[in-house]
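Structure first, then comments.
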Amino acid sequence: MFDIDNIREIWATITRNKTRSFFTSFGVFWGMLMLMVTLGFGLGIERNMLNQWGDTSANAAFFFQGTTSMPYKGFKRGRSIQYKRDDIKALINQFPEIENISPVIWGSVKKMTHADKSTENLQSIGLSSAYNVINPCHILEGRFINDIDVQQNRKVCVIGSKIKNTLFGGDKATGSLVWVNGTAYTVIGVMEKQADINIFGNPEESIYTPYTTLAQTSNIGDKVHCIGLSISKSVNMRDFEDKAVAFLKERHNVAPEDEQGVGHFNTKQFFDTFANLFLGLRILIWIVGLGTLAAGMVGISNIMLVTVKERTQEIGVRRALGASPFVIIRQIMNESLLLALIAGVVGLFVGVLIGVEAESILSAMPQENKFVDGVYVPFGIALGVLGILVLCGLLSGLLPAYRAVQIKAIDALREE
């Protein structure tokens with residue numbers, strides 16, 4: 001499509017009226033710049049929001065004990081539903097699609113001490129090893145609770161990084177003894193939050209212990225406050241959740257239509273909500289960006305129409321000398337495409353530079369104050385944008401090219 005002589009001729013045509021060419025191409029430049037910048041910030045916001053969930057399972061569900069809102073089978077309304085460990089076994093037997101399941105027991109720590117240092121009013125959570133798959137935390141030191149800890153009711157704990165800093169400072173915490181409400185525990189791990197969104201409070205300020213140990217020290221027997229689980233990704237979470245809720249209602253004599261007897265939620269609904277939000281944001285960004293780019297392309301098309309009118313005699317001479325309609329069309333469309341490419345590539349390059357500069361500013365901000373994670377557009381999307389630019393450049397030359405081939409040689413030669 002392009003050769004050296006053709007490019008020189010096109011460049012001479014474009015630079016013949018520099019001011020007009022500049023302002024025409026500026027619309028394309030601005031449209032590409034807006035598209036790259038808004039895409040970079042939009043995708044950065046999306047990445048930041050997804051990072052807040054960390055590695056939390058997208059197919060996890062949690063079932064809480066509730067209070068009945070209506071009488072059923074002789075039981076009065078207002079009855080508290082209490083889960084037990086047998087409910088977990090029953091769920092496993094009933095639903096083979098469950099991949100991980102963990103009881104959750106809550107407790108409180110009035111005082112926790114080590115040597116001469118102490119901290120107060122902490123949250124204690126009793127869990128199984130599977131919980132760190134369902135709603136993971138990041139282990140900085142040591143390990144998480146394992147199955148042997150649960151089976152042997154070991155007095156071990158995983159403490160949050162803020163608790164570790166308060167009690168141990170820069171020293172190693174694993175293997176040390178801490179006193180929790182007067183009972184000695186061995187620290188087996190130190191954790192920090194893996195995501196900004198945490199289902200049961202901030203892990204950095206919590207203590208995780210085997211659920212059997214917390215149940216024993218709290219004297220609650222086999223009671224369970226919450227059941228957390230994750231299922232196979234191939235299973236529809238909505239259908240599973242409905243069946244699991246119905247199953248738990250039947251086990252605990254809760255009316256099927258009672259919405260308060262079994263509390264529940266799943267993480268997939270949050271991921272789906274975010275996905276829909278981001279889809280809407282992307283559509284808005286593309287509409288604004290492509291709309292601005294299209295306005296620039298319309299400007300190119302209009303200018304090319306003016307150029308065709310100004311070059312009526314030139315086109316007529318070409319036709320008279322035997323130039324085919326295809327040659328005329330190719331010439332006009334090449335001019336339109338080159339003008340669009342120059343302006344668009346410059347806009348893309350400047351958009352990338354703005355993203356780099358914005359990233360350097362954001363990197364100096366505290367992590368908790370960041371609202372975007374990287375102001376950049378992936379290479380694949382950038383290539384797609386260039387493809388759209390080429391297509392728009394060709395389309396903007398269609399009408400002027402059509403007008404050019406409509407010019408008759410004899411009429412063109414007569415025009416002054």
Side-chain angles (χ1 to χ4, degrees), residues 46 48-70 78-92 94-107 123-128 130-137 193-203 205-206 208 211 223-280:
E46 180 176 342
N48 182 65
M49 293 296 292
L50 291 176
N51 286 340
Q52 291 184 16
W53 281 95
D55 292 331
T56 301
S57 174
N59 250 25
F62 297 86
F63 301 92
F64 301 89
Q65 54 189 16
T67 302
T68 59
S69 61
M70 60 184 65
R79 177 169 52 95
S80 296
I81 301 303
Q82 178 65 64
Y83 298 139
K84 296 188 177 181
R85 297 178 194 175
D86 286 344
D87 290 314
I88 295 176
K89 296 177 182 178
L91 284 168
I92 294 173
Q94 181 70 20
F95 302 103
E97 58 266 40
I98 294 176
E99 293 185 341
N100 300 282
I101 190 167
S102 173
V104 180
I105 299 174
W106 288 291
Q123 177 180 240
S124 177
I125 305 177
L127 307 164
S128 73
Y131 184 81
N132 206 36
V133 179
I134 302 168
N135 184 31
C137 61
K193 62 182 180 181
Q194 195 175 65
D196 291 332
I197 298 176
N198 299 284
I199 297 173
F200 298 129
N202 188 354
E205 300 173 344
S206 301
Y208 290 174
Y211 73 90
K223 295 179 181 178
V224 174
H225 297 140
C226 174
I227 299 172
L229 56 85
S230 63
I231 62 174
S232 171
K233 293 181 179 179
S234 61
V235 178
N236 184 285
M237 172 54 79
R238 184 184 295 274
D239 293 341
F240 169 81
E241 188 176 20
D242 290 341
K243 290 187 292 184
V245 169
F247 177 75
L248 290 173
K249 285 181 177 180
E250 183 179 356
R251 279 183 60 84
H252 292 274
N253 296 311
V254 178
E257 61 273 18
D258 190 342
E259 297 296 330
Q260 299 181 22
V262 174
H264 58 93
F265 78 91
N266 67 75
T267 55
K268 191 174 188 307
Q269 67 190 43
F270 291 101
F271 280 97
D272 289 344
T273 299
F274 281 126
N276 292 331
L277 175 64
F278 295 142
L279 177 61

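Here the structure is a predicted model, which means the values were calculated and not measured.
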* So, for Ile125 and Gln123, which heavy atoms are closest and what is the spacing to 0.1 Å? -> CD1-NE2, 3.6 Å
* Structure fact -> Distance col, row Asn266:CG vs Arg238:CZ, nearest 0.5 angstrom, shows 8.0 Å
* Counting distance only, does the side-chain N/O of Tyr83 pair as donor-acceptor with the main-chain N or O of Cys226 below 3.5 Å? -> no
* To do: Determine yes or no for a side-chain-to-main-chain donor-acceptor pair under 3.5 angstrom, with Lys249 supplying the side chain and Val254 the backbone.
  => no
* Do His252 and Val262 have side-chain heavy atoms sitting under 4.5 Å apart? -> no
* Quick one: pull up OG in Ser230 and CE in Met237 and give me the separation to the nearest 0.5 Å. => 8.0 Å
* Heavy-atom closest pair, residues Gly228 and Phe62 -> CA-CD2, 3.6 Å
* Nearest 0.5 Å, what's the CG-CD1 distance between Leu91 and Ile227? -> 5.5 Å
* To do: Nearest 0.5 Å please: distance from the CG atom of Leu277 over to the CG atom of Asp272.
  => 12.5 Å
* To do: Specify whether Trp106 and His225 have parallel, tilted or perpendicular ring planes, treating 30° as the upper limit for parallel and 60° as the lower limit for perpendicular.
  => parallel
* Is there a donor-acceptor pair closer than 3.5 Å between any side-chain N or O of Asn132 and the backbone N or O of Cys137? -> yes
* With side-chain contact (heavy atoms from CB on, under 4.5 Å) as the test, would you mind laying out the steps for Glu257 and Met70 before giving the verdict? => CA-CA 9 Å; Glu257 61 273 18; Met70 60 184 65; 3.6 Å; yes
* Asked: In Å and rounded to the nearest 0.5 Å, what is the CD to CG distance from Glu97 to Asn236?
  -> 11.0 Å
* Over 60° means perpendicular and under 30° means parallel, so classify the ring planes of Tyr131 and Tyr208, tilted if in between. => perpendicular
* To do: Please answer whether the main-chain N or O of Ala130 pairs with a side-chain N or O of Ser102 as donor and acceptor at a distance below 3.5 Å.
  => no
* Asked: Between Arg251 (side chain) and Ala90 (backbone), is there a donor-acceptor pair under 3.5 Å?
  -> no
* Structure fact -> Taken to the nearest 0.5 Å, the spacing of Phe63 CZ from Ile81 CD1 works out to 14.5 Å
* **Side-chain heavy-atom pair Asp87, Val224 within 4.5 angstrom cut-off** => no
* To do: Return yes if some donor-acceptor pair links the side-chain N/O of Thr68 with the main-chain N/O of Gly78 below 3.5 Å, else return no.
  => yes
* **Heavy-atom check, side chain of Lys268 versus side chain of Asn59, under 4.5 Å** => yes
* **Candidate pair Val104 and Leu127, rule side-chain contact (heavy atoms from CB on, under 4.5 Å), full reasoning** => CA-CA 5 Å; Val104 180; Leu127 307 164; 4.0 Å; yes
* Give a yes or no on whether the ring-centroid distance for Phe240 and Phe95 is below 6.0 angstrom. => yes
* **Other residues, nucleotides, ligands: >12 heavy atoms within 6.0 Å of Glu250 CD** => no
